[in-house]
Chemist: 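Please read through the structure below; I'll follow up with questions.
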Amino acid sequence: MSEKANLQNPQFVPFTVREIKPQGWLRRQLRIQADGLCGNLDKIWNEIYESRWAGGGRDGWEILPYWLDGFIPLGWLLDDEELKARGKKYIDCIIAGQKADGWLCPCEDKDRARYDIWAFFLVCKVLTVYADCSGDPRIETVLSKALHSIAAHLGGTLFDWGAARWFECLIPVFWLYERTGEPWLLDLAHRLEVLGINYEKLFLHYADQEPQRRWTFITHVVNIAMALKSGALTSRFRGGDPNVFARMALDKLFTWHGTAAGHFTGDECVAGTSPVQGTELCGVVEAMYSYETLISVGGAAEWADHLEDLAFNALPAAISPDMKTHQYDQMVNQVQCSVLPKDHVVFMTNGADAHVFGWGPKSGCCTPNFSQGWPKFALSAFMKAPDGIVSVLPVPSELNCTINGTGVRITAESEYPFRDSLRYTI
Ligand SMILES: [Zn+2]
């Protein structure tokens with residue numbers, strides 16, 4: 001047991017799909033997503049329906065969990081039984097594949113040491129998303145065994161994506177700790193922080209001001225977008241101001257790599273301020289999730305402003321109106337969406353077609369991962385404060401919750417950001 005084991009409460013506690021019902025344009029947007037690529041990806045892409053997670057022979061790493069991370073809350077927010085059943089089918093497969101010692105990922109036992117554990121962190125996070133949506137009573141036990149397995153596996157090293165994204169595992173660790181209070185979980189949190197990349201030091205002495213032609217984990221735009229929430233997460237067991245790290249990191253990122261869309265470039269490592277440089281769609285949705293986490297843990301209004309900037313600019317810019325195609329890299333000053341000439345590829349480490357629209361341009365990450373953008377945004381419309389309810393985003397939404405034993409219903413009627421008026425009925 002650790003010397004000091006406790007977990008501070010977040011400033012605001014997120015509500016779940018049982019309490020939040022998006023309305024108006026936001027609900028229509030989710031329906032468009034369900035009718036588009038996200039809602040049909042398991043029908044058209046063999047990396048999903050033949051995934052090793054589900055007993056097939058294709059990807060057994062991040063693709064399926066990435067998709068479920070958005071597809072599951074989408075189905076439950078829309079209360080669409082068909083979508084829910086398809087999501088649950090894959091969760092059932094993942095649970096069925098759990099080994100006796102708790103290991104969840106589809107790899108041979110002899111290959112565990114080489115398996116990049118980032119996907120294990122991700123699937124554990126997805127299980128908490130599913131549990132919050134469905135209330136499935138199996139998840140607590142599955143997750144406890146899984147996190148025990150991670151704790152036993154870690155030993156002395158993390159590498160590659162696992163080292164870059166260690167803090168994502170804090171989300172399921174905290175989720176379980178809030179239900180069980182078992183001290184070993186906070187020992188695991190400490191261990192992950194010790195073994196992972198130290199982003200505080202990275203930004204304290206920030207040396208990556210120049211556009212990066214060399215690919216590295218510490219300049220990769222998605223890792224950085226995800227890491228914006230790392231200081232807020234660690235503040236829950238280590239103490240300190242949950243907002244400080246993200247403010248410092250963003251100050252440097254916006255100075256050296258900022259865009260007019262309120263984001264930073266990365267194609268796919270940080271790429272300077274030129275408006276012809278791109279930024280990866282995964283980085284957009286991961287920054288949104290980081291801001292949602294920062295709103296919850298840190299409680300500062302500025303994170304909601306950053307979140308709106310991305311939701312109303314960078315996110316829709318990279319996805320077609322029917323949500324059937326998307327870009328890998330978006331550019332602020334994009335005047336055409338055709339493949340670049342071989343001798344005029346502007347991107348640092350991405351190819352000539354990284355900015356064209358398609359259902360799966362470039363790598364297989366953004367295609368499943370952009371699914372999380374709108375559902376998690378919709379789930380952040382309201383949060384619970386110690387003394388009441390916070391209206392985080394002035395978007396059309398309905399909240400049904402219980403405060404001190406009293407049922408409360410709030411509707412926010414709004415066309416924001418298309419109109420400026422907002423009407424609450426409480
Ligand atoms: Zn991506």
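Whatever order the structure lists them in is the order used to number ligands and atoms, beginning at 1. Quick caveat, the model's predicted, so the values are computed rather than measured. Along the sequence shown, residues carry numbers from 1.
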Chemist: Indicate yes or no: does Arg236 engage Glu178 in a salt bridge with an N to O separation below 4.0 Å.
Modeler: yes
Chemist: Please say whether more than 12 non-hydrogen atoms of neighbouring residues, nucleotides or ligands are located less than 6.0 Å from NZ in Lys342.
Modeler: no
Chemist: Ring centres of Phe121 and Trp118 under 6.0 Å apart?
Modeler: no
Chemist: To the nearest 0.5 Å, what is the distance between CG (Leu7) and OG (Ser235)?
Modeler: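 Reported value, rounded in 0.5 Å steps: 9.5 Å.
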Chemist: For the rings on Tyr90 and Trp67, is their centre-to-centre separation under 6.0 Å?
Modeler: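 Between Trp67 and Tyr90, which both carry aromatic rings, the centre distance is below 6.0 Å.
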Chemist: Sort by chain and number the protein N/O/S atoms found under 2.8 Å from the Zn ion (ligand 1).
Modeler: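 As for protein N, O or S atoms lying under 2.8 Å from the Zn ion (ligand 1), they are Glu280 OE2, Cys282 SG, Cys365 SG, Cys366 SG.
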Chemist: Between Trp359 and Trp45, how do the two ring planes meet: parallel, tilted or perpendicular, split at 30° and 60°?
Modeler: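 Perpendicular: the ring planes of Trp359 and Trp45 meet at over 60°.
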